[in-house]
Amino acid sequence: MDNYNEKLGLNIPEHVGIILDGNGRWAKKRLMPRNFGHLQGSKVLEQICDDADDIGIKYLTVYVFSTENWKRSKKEIDGLMRILRNYLKDCVKRANKNNMKVRILGKKDGLDDDIIKNIEELEAATADNTGLVFQVALNYGSRDEMVRAMRAMTKDIIEKGISPENITEQMFSGYLDTAGVPDPDLIIRTSGEKRISNFLLWQSAYSEFDFPEVLWPDFNKQRLIEAVERYNKRDRRFGGVKEE
Ligand code: IPE
Ligand code: IPE
Ligand code: MG
């Protein structure tokens with residue numbers, strides 16, 4: 001691993017989130033079907049995992065399919081699920097080679113049984129890996145995640161007789177799909193769109209945001225380093241005041 005911290009004098013964000021957007025537009029520019037863009041996007045994602053690890057990022061969370069993406073055509077969804085199946089199949093091998101721990105965020109409801117089985121196997125097979133923690137937000141929506149968390153928390157509160165005054169932010173965080181993982185320091189959304197589209201709403205309270213004008217299938221290590229460089233110019237105050 002190159003030490004980018006020393007080499008470029010960069011403060012490397014511990015946790016980076018990426019909303020990978022622009023696959024459809026990338027394909028359209030080439031007069032190709034949208035799923036051609038998704039296929040290329042899945043290849044870029046494989047590479048970016050290695051790159052993130054190489055740069056020294058410890059947690060990478062990528063948004064690949066939202067709870068709202070079911071609104072798309074059956075043809076596009078079928079294509080996406082086909083790409084996902086292939087991706088999951090290869091992922092175990094790659095993850096174990098790179099010592100990467102994979103975790104899937106999002107709800108299982110709505111996903112086909114074979115995909116759920118593959119996800120569970122992938123998580124179990126990589127659970128003891130100690131390298132990059134790679135979280136894939138799939139059939140994920142932050143509001144859905146919070147509602148699921150509230151349901152689980154309420155159930156425990158009733159069972160254990162916890163009083164409402166004793167509910168804390170930390171306690172609620174522990175019921176989210178991201179439990180145990182620090183909040184993202186930097187969230188990148190490709191394609192130039194400047195919105196969060198239901199990604200990590202709770203966890204991004206103090207994240208820095210970066211919106212590069214690049215479509216996801218054209219994203220690469222250099223673009224990632226540039227985003228980290230811009231992040232380094234930010235002044236993170238977390239509500240405080242910097243000493244002069
Ligand atoms: C992102 O690319 C991938 C998914 C949301 C599944 P898009 O498919 O949203 O691409 P654009 O935004 O239409 O270009
Ligand atoms: C956000 O992208 C979801 C993912 C990248 C998985 P979309 O392309 O679905 O978001 P909107 O519709 O532009 O907000
Ligand atoms: Mg999009």
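These numbers were taken from a predicted model, which means no experiment stands behind them. Note that these values count all heavy atoms, side chains included, but never hydrogens, waters or copies made by symmetry. Just follow the structure's listing: the first ligand is 1, and inside any ligand the first atom is 1.
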Legend entry - R195 touching ligand 2 at heavy-atom level, < 4.0 angstrom: yes
Inset, instruction - Give a yes/no on ligand 1: does V64 have at least one heavy atom closer than 4.0 angstrom to it? - result: yes
Legend entry - N232 (side chain) donor-acceptor with V228 (main chain) under 3.5 angstrom: yes
Inset, instruction - Answer with yes or no whether the side chains of N98 and D50 bring together a donor and an acceptor at under 3.5 Å. - result: yes
Inset, instruction - Apply side chain to side chain contact (heavy atoms under 4.5 Å, CB included) to the pair V136 and L105, showing each step before the final yes or no. - result: CA-CA 6 Å; V136 184; L105 315 178; over 6 Å; no
Inset, instruction - Could you check D177 against R148 for salt bridge (Lys or Arg N to Asp or Glu O under 4.0 Å), going step by step and ending with a plain yes or no? - result: CA-CA 9 Å; D177 297 345; R148 284 187 289 108; 2.7 Å; yes
Inset, instruction - Flag this pair as yes if the NZ/CZ of R30 is under 6.0 angstrom from the six-membered ring centre of W26 and inside a 45 degree cone about the axis; otherwise no. - result: yes
Inset, instruction - Could you tell me whether atom 10 (O) of ligand 2 has at least one protein heavy atom nearer than 4.0 Å? - result: yes
Legend entry - Element-labelled atoms of ligand 2 that are located less than 4.0 Å from some non-hydrogen atom of R72: 7 (P), 8 (O), 9 (O)
Legend entry - N220 side chain vs Q222 backbone, donor-acceptor pair below 3.5 Å: yes
Legend entry - atom 14 (O) of ligand 2 [closest protein heavy-atom partner, distance rounded to 0.1 Å]: S197 OG, 2.7 Å
Inset, instruction - Say whether E68 and ligand 2 are in contact under the criterion: heavy-atom distance to a ligand atom below 4.0 Å. - result: no
Inset, instruction - Compute the minimum heavy-atom distance from K71 to ligand 2 and say whether it is under 4.0 Å. - result: no
Inset, instruction - Please confirm whether L80 comes within less than 3.5 Å of ligand 1 when only nitrogen or oxygen atoms on both sides are compared. - result: no
Inset, instruction - Using modelled atom types only, decide if a donor and an acceptor are shared between the side chain of N69 and the backbone of S66 within a distance under 3.5 Å. - result: yes
Legend entry - Distance-only side-chain donor-acceptor flag, N23 / H38, under 3.5 Å: yes
Inset, instruction - Specify side chain, backbone, both or neither for F65, according to which of its non-hydrogen atoms lie closer than 4.0 Å to ligand 2. - result: backbone
Inset, instruction - Please state which part of K28 comes within less than 4.0 Å of ligand 1, counting heavy atoms only: side chain, backbone, both or neither. - result: neither
Legend entry - Part of L20 with heavy atoms under 4.0 Å of ligand 1, whether side chain, backbone, both or neither: backbone
Inset, instruction - Check each of N139, T190, D21, I196 against atom 8 (O) of ligand 2 and report the one with the nearest heavy atom. - result: D21
Legend entry - Donor-acceptor pair, side chain of D210 and main chain of I188, under 3.5 angstrom: no
Inset, instruction - Do me a favour and list the nearest non-hydrogen protein atom to atom 2 (O) of ligand 2 with residue, atom name and distance? - result: R189 NH2, 3.5 Å
Legend entry - Atom of D21 closest to the Mg ion (ligand 3), considering N, O or S atoms: OD1
Inset, instruction - Pull out every atom of ligand 1 sitting under 4.0 Å from any heavy atom of H38, numbered as shown with elements. - result: 3 (C), 6 (C), 8 (O)
Legend entry - Shared hydrophobic cluster, W202 / I18 (ILVMFWY, side-chain heavy atoms < 4.5 Å): no
Inset, instruction - Return yes when S191 approaches ligand 1 closer than 4.0 angstrom through a heavy atom, no otherwise. - result: no
Legend entry - Which residue and heavy atom of the protein sit nearest atom 13 (O) of ligand 1, plus the separation: R34 NH2, 2.8 Å
Legend entry - Contact atoms of ligand 2, heavy-atom distance to I19 under 4.0 Å: 5 (C)
Legend entry - Polar side chain donor-acceptor pair, N139 to T67, under 3.5 angstrom: no
Legend entry - ligand 2 to E193 polar contact by distance, N or O atoms, under 3.5 Å: no
Legend entry - Pair K74 + D78: basic N to acidic O under 4.0 Å: yes
